[in-house]
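For the numbers below, each heavy atom of this structure counts, side chains included, while hydrogens, waters and symmetry mates do not. This one's a predicted model, so the numbers in the text were calculated from it and none came from an experiment.
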Amino acid sequence: MAASTKPTIPWKLRILTTLLSLLLKASRRSNGTVNRRLFNLFDPQLPPNPNPIDAVATSDVTVDAKRNLWFRLFSPSASAATLPVVVFFHGGGFTFLSPASTTYDAFCRSLCRLLNAVIISVNYRLAPEHRYPSQNDDGFDVVKYLDENGTVLGNVGKCFLAGDSSGGNIAHHVAIRVCKERLRFVRVIGLVSIEPFFGGQERLESEIRITQDPLVSLDVTDWYWKAFLPTGSDRDHEVVNVSGPNAVDISGLDYPNTLLVVAGFDPIKDWQRRYYEWLRNSGKDIEIIEYPNMIHGFHLFPYLPEASQLLSHVNHFINKQVAGS
């Protein structure tokens with residue numbers, strides 16, 4: 001049977017992604033800055049709610065007020081002391097969105113409920129106002145905060161890092177930093193990487209061939225990398241091309257077992273597959289799950305059957321890592 005030439009998604013999702021693409025395009029200025037006032041008009045923010053909704057309560061915890069570093073805590077109604085902790089990094093090209101954005105509040109609430117885990121959704125600083133390594137610094141500092149205070153939030157000895165798109169990139173680099181640090185209580189036993197945002201100077205086949213996804217087309221991703229990277233750096237920087245010529249050698253690190261999610265109509269999927277092969281060649285344990293008819297970001301739309309399937313896969317992965325820890 002011939003492979004599908006178009007993603008299998010409903011018209012509702014096609015319209016939503018087109019409108020989102022137009023908003024993002026209007027918010028990204030050609031001079032590399034962002035019109036935040038415009039974007040924020042269409043990015044409704046939800047406050048935390050200490051009263052459980054669908055058995056999940058939320059609260060916001062400040063880590064460093066000076067740099068607006070905080071996280072949204074999603075707690076199941078059950079006692080959290082024995083539950084695994086998932087530190088989650090949201091997507092948005094390092095440039096947009098937050099844990100309070102409606103989409104990510106809903107997604108992390110679903111994760112909390114279905115995984116029966118404590119979810120820590122990190123509000124990291126955004127580019128281009130704050131370039132690399134600000135995002136990774138913020139992510140690691142939240143992990144350090146959990147090491148110092150997190151035993152009251154959940155079982156940080158059974159901790160996971162997770163992220164989607166640019167958040168998947170951040171999760172990878174935070175995992176490396178955790179491996180190199182001596183933490184007292186936090187033990188990262190798994191990493192969930194959902195359509196991680198990687199790249200490089202080379203143009204891979206999927207980037208050239210897949211043009212139907214307006215959210216991660218070549219011109220869009222080039223803009224994000226330029227806004228994120230230190231001035232003068234190219235896309236073979238170690239933070240972008242994680243398996244390329246400047247990649248960090250992780251062969252001697254206790255890098256966590258990884259679940260990688262790939263969408264068939266994601267233009268950057270070939271970079272994700274290179275990441276998969278690189279981890280395997282580095283002697284690390286990685287499982288890949290592919291959704292051949294899905295687009296980048298499909299997991300954020302709960303009415304898609306594949307979004308529910310993804311949550312089931314993540315639940316199975318986390319339970320397996322917890323049982324083996």
Gap between atom [atom2] of [Y] and atom [atom1] of [X] - 0.5 Å precision:
X    : Y    : atom1 : atom2 : answer
S193 : I170 : OG    : CD1   : 11.5 Å
L126 : Q135 : CG    : CD    : 7.0 Å
F89  : N136 : CZ    : CG    : 8.5 Å
F88  : I194 : CZ    : CD1   : 5.5 Å

(request) For K144 and D137, run salt bridge (charged side-chain N to carboxylate O under 4.0 Å, His left out): C-alpha distance rounded to whole Å, both residues' side-chain angles, the deciding distance at 0.1 Å, then the answer. (result) CA-CA 10 Å; K144 287 199 299 184; D137 289 344; over 6 Å; no
Given the side-chain rings of [X] and [Y], with only the six-membered ring counted for Trp, is the space between their centroids under 6.0 Å?
X    : Y    : answer
Y224 : F94  : no
F107 : H90  : no
W225 : F198 : no
Y275 : H172 : yes

Crowded around [X] [atom1]? As in, over 12 foreign heavy atoms under 6.0 Å?
X    : atom1 : value
R177 : CZ    : yes
N49  : CG    : yes
R209 : CZ    : yes

(request) State, with a plain yes or no, whether a side-chain heavy atom of P99 is found less than 4.5 Å away from one of W70. (result)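 Side-chain contact under 4.5 Å: yes.
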(message) Just so I know, are the side chains of I119 and L73 near enough to count as touching, which here means a heavy-atom distance under 4.5 Å?
(response) no
List the atom of [X], the atom of [Y], and the distance in Å for their closest heavy-atom pair.
X    : Y    : result
V142 : V63  : CG2-CG2, 4.3 Å
G91  : Y124 : O-OH, 4.2 Å
A227 : G32  : CB-O, 4.5 Å
V220 : P214 : CG2-O, 3.8 Å
P10  : Y303 : CG-CE1, 4.1 Å

(message) Evaluate I318 against I189 for side-chain contact (heavy atoms from CB on, under 4.5 Å), listing each step before the verdict.
(response) CA-CA 9 Å; I318 286 182; I189 62 173; over 6 Å; no
Decide whether [X] and [Y] meet the rule of one side-chain donor and one side-chain acceptor closer than 3.5 Å.
X    : Y    : answer
E195 : H299 : yes
D236 : Q201 : no
D164 : Y104 : yes

Could you tell me whether [X] and [Y] make a salt bridge, using a distance below 4.0 angstrom between a side-chain N and a carboxylate O?
X    : Y    : value
R182 : D147 : no
D105 : R72  : yes
E148 : R184 : no

(request) Give a yes or no answer on whether the side chain of S282 reaches the backbone of I250 with a donor-acceptor pair at less than 3.5 Å. (result) no
(request) Please state whether the rings of Y291 and F298 are parallel, tilted or perpendicular, taking 30° and 60° as the class boundaries. (result)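 Rings of Y291 and F298: tilted, 30 to 60°.
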(request) For a side chain to side chain contact (heavy atoms under 4.5 Å, CB included) with R280, tell me which candidate from I286, I288, D285 qualifies. (result) I286
(message) Could you go through D141 and R67, starting from their C-alpha distance and side-chain angles, then the distance that decides it, and tell me whether this counts as salt bridge (charged side-chain N to carboxylate O under 4.0 Å, His left out)?
(response) CA-CA 12 Å; D141 286 349; R67 52 179 153 150; 2.6 Å; yes
(message) Before you tell me yes or no, could you show the steps for D254 and K284 under salt bridge (charged side-chain N to carboxylate O under 4.0 Å, His left out), namely the whole-Å CA-CA distance, both residues' side-chain angles and the distance that decides it to 0.1 Å?
(response) CA-CA 8 Å; D254 188 21; K284 308 308 173 187; over 6 Å; no
(message) Checking D43 now: which residues fulfil side chain to side chain donor-acceptor pair (under 3.5 Å) with it, not counting sequence neighbours?
(response)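 By the side chain to side chain donor-acceptor pair (under 3.5 Å) rule, D43 matches Q45, S101.
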Residues 260-272 side chain polar contacts: donor-acceptor under 3.5 Å, at least two apart:
unit_1 : atom_1 : unit_2 : atom_2 : d
D266   : OD1    : I268   : N      : 3.1
D266   : OD1    : H296   : ND1    : 3.3
D266   : OD2    : Q272   : NE2    : 3.1
D266   : OD2    : H296   : ND1    : 2.6
K269   : NZ     : G264   : O      : 2.9
D270   : OD2    : S206   : N      : 2.9
D270   : OD2    : S206   : OG     : 3.3
W271   : NE1    : E207   : OE1    : 3.0
W271   : NE1    : E207   : OE2    : 3.3
Q272   : NE2    : P196   : O      : 3.0

